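Notes follow the structure.
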Amino acid sequence: IDHIASHLQNETNIYLFSATLPKGLQNVVRKYLRSAQVIDVPTDERLKPRINHYLINTRHREPNKQLLELITTINPLLCVVFANTIEEVESAADFLKSYGLACVSFHGDLESRRRKQILREIENQQVQYVVASDLAARGIDLPEISHVINLGLPSHDLDFYMHRAGRTGRSGREGYAMSLVSKSDEVAIKKLMER
């Protein structure tokens, strides 16, 4: 943004459109938007998300085994499982595939072409489970997502919890956000509950 904005003329009008305005983006607003006016579009009550949040204590059990037990119990239409690292994403996806589940991994180390292919597979209902990094926590709108499962809470930025959960319950649908948590998540859980 800095590189592009440095080449703009002073008379240039700059508009910013965002579903949310995180702290990092507020710096951009202050730097580049003079006399900025915020237009907040109210959400139609019928379109507000209806997301049920659940915390599930792992009790020192192996996360992939507990994930398998959970997803075979809920049998989602389409489920996105979020993990904090690419290694955790690949591990969980390989584990689920080993049980014959229609599963793919989705993260930033995949080529753009492969990520687009995965989205087509999801749209064609060839996939029931997507194990993803936070790359999928924002900007992906798949109304079919009935469940979001977190393998632990986001370790780098707790705001990503809401972005992850927001992948379900789109356009007034009911959705479920389930988090497999342990004792190490206690501080993060308290912060989320305060919000």
Side-chain angles (χ1 to χ4, degrees), residues 1 16-30 38 40 43 47-58 63-64 66-67 70-71 74 76-93 95-96 103-110 112 114-116 118-119 122 127 129-171 173-195:
I1 291 174
L16 171 71
F17 299 90
S18 180
T20 60
L21 197 58
K23 291 176 186 167
L25 198 53
Q26 290 172 0
N27 295 334
V28 172
V29 169
R30 281 193 291 279
V38 176
D40 191 7
T43 304
L47 299 179
K48 283 191 175 180
R50 295 181 296 133
I51 303 171
N52 301 291
H53 298 266
Y54 298 91
L55 298 174
I56 302 166
N57 190 337
T58 59
N64 286 341
Q66 191 154 12
L67 172 64
L70 176 61
I71 62 177
I74 60 176
L77 178 61
L78 177 61
C79 178
V80 179
V81 178
F82 285 101
N84 288 319
T85 67
I86 291 172
E87 293 78 21
E88 290 172 346
V89 168
E90 289 296 338
S91 170
F95 184 81
L96 295 179
C103 177
V104 293
S105 58
F106 191 87
H107 52 75
D109 279 1
L110 298 175
S112 176
R114 175 64 182 135
R115 291 195 301 258
K116 288 176 184 174
I118 289 169
L119 292 174
I122 293 168
V127 172
Y129 302 97
V130 179
V131 184
S133 67
D134 280 327
L135 173 70
R138 299 184 73 165
I140 292 180
D141 183 18
L142 297 168
E144 302 84 13
I145 299 172
S146 59
H147 293 74
V148 166
I149 299 174
N150 295 298
L151 293 177
L153 296 177
S155 57
H156 57 286
D157 183 350
L158 207 47
D159 287 341
F160 271 86
Y161 174 82
M162 295 310 290
H163 294 303
R164 290 176 176 187
R167 298 308 93 206
T168 188
R170 311 288 284 177
S171 302
R173 292 178 175 88
E174 188 169 22
Y176 301 89
M178 304 172 158
S179 299
L180 299 175
V181 295
S182 65
K183 194 160 184 67
S184 64
D185 292 307
E186 283 182 6
V187 172
I189 291 168
K190 285 180 183 173
K191 286 181 182 176
L192 280 175
M193 297 194 71
E194 288 169 4
R195 292 182 186 185

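Note that the structure is a prediction, hence the values are computed from the model and not measured.
Contact detail for Pro154 and Phe160: the closest heavy-atom pair is CG-C, 3.9 Å. Residue Gly166 comes nearest to Ile51 through the heavy atom pair CA-CD1, 4.2 Å, listed as atom of the first residue, atom of the second, then distance. Scanning all heavy atoms of the two residues, the minimum distance from Ala92 to Leu67 falls at CB-CD2, 4.3 Å.
Arg164 has its side chain out of reach of Ile149: every pair of non-hydrogen atoms, C-beta onward, lies at least 4.5 Å apart. Here the side chains of Ile122 and Leu78 are in contact, with some heavy-atom distance below 4.5 Å. Side-chain contact check for Val181 versus Ile56: every heavy-atom pair is 4.5 Å or farther apart. Inter-residue side-chain proximity for Asp185 and Ser182 is flagged as met; some heavy-atom pair is nearer than 4.5 Å. Side-chain contact between His107 and Arg115 is absent, with no heavy atoms from C-beta onward closer than 4.5 Å.
Of the options Ile74, Val81, Val148, a side chain to side chain contact (heavy atoms under 4.5 Å, CB included) to Met178 is made by Ile74 and by none of the others. For the pairing with Phe82, the side chain to side chain contact (heavy atoms under 4.5 Å, CB included) check across Val130, Val89, Leu151, Asp134 returns one residue only, Asp134.
The line from OG of Ser146 to CG of Leu77 is 5.0 Å long, rounded to the nearest 0.5 Å. Expressed to the nearest 0.5 Å, how far CG of Leu180 lies from CG of Leu55 amounts to 10.0 Å. For the atom pair OH (Tyr176) and CD1 (Ile145), the distance works out to 15.0 Å, reported to the nearest 0.5 Å. Separation of atoms CZ (Arg167) and CD (Glu144) is listed at 13.0 Å; rounding is to 0.5 Å.
A donor-acceptor pair under 3.5 Å is absent between the side-chain atoms of Asn150 and the main chain of Gly152, judged by distance alone. The backbone N or O of Thr85 lies less than 3.5 Å from no partner atom in the side chain of Ser133, so there is not a single donor-acceptor pair. Not one N or O on the side chain of Glu90 forms a donor-acceptor pair closer than 3.5 Å with the backbone of Ile86.
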Test side chain to side chain contact (heavy atoms under 4.5 Å, CB included) applied to Leu158 and Leu192, step by step: CA-CA 8 Å; Leu158 207 47; Leu192 280 175; 4.0 Å; yes

Derivation and outcome, side chain to side chain contact (heavy atoms under 4.5 Å, CB included), residues Tyr161 and Ser179: CA-CA 10 Å; Tyr161 174 82; Ser179 299; 3.5 Å; yes

Ser91 vs Asn64, side chain to side chain donor-acceptor pair (under 3.5 Å): CA-CA, chis, key distance, verdict: CA-CA 8 Å; Ser91 170; Asn64 286 341; 3.2 Å; yes

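Side-chain atoms of His147 and Tyr54 form no donor-acceptor pair, as typed in the model, at a separation below 3.5 Å. There is no side-chain donor-acceptor pair under 3.5 Å between Gln66 and Thr58.
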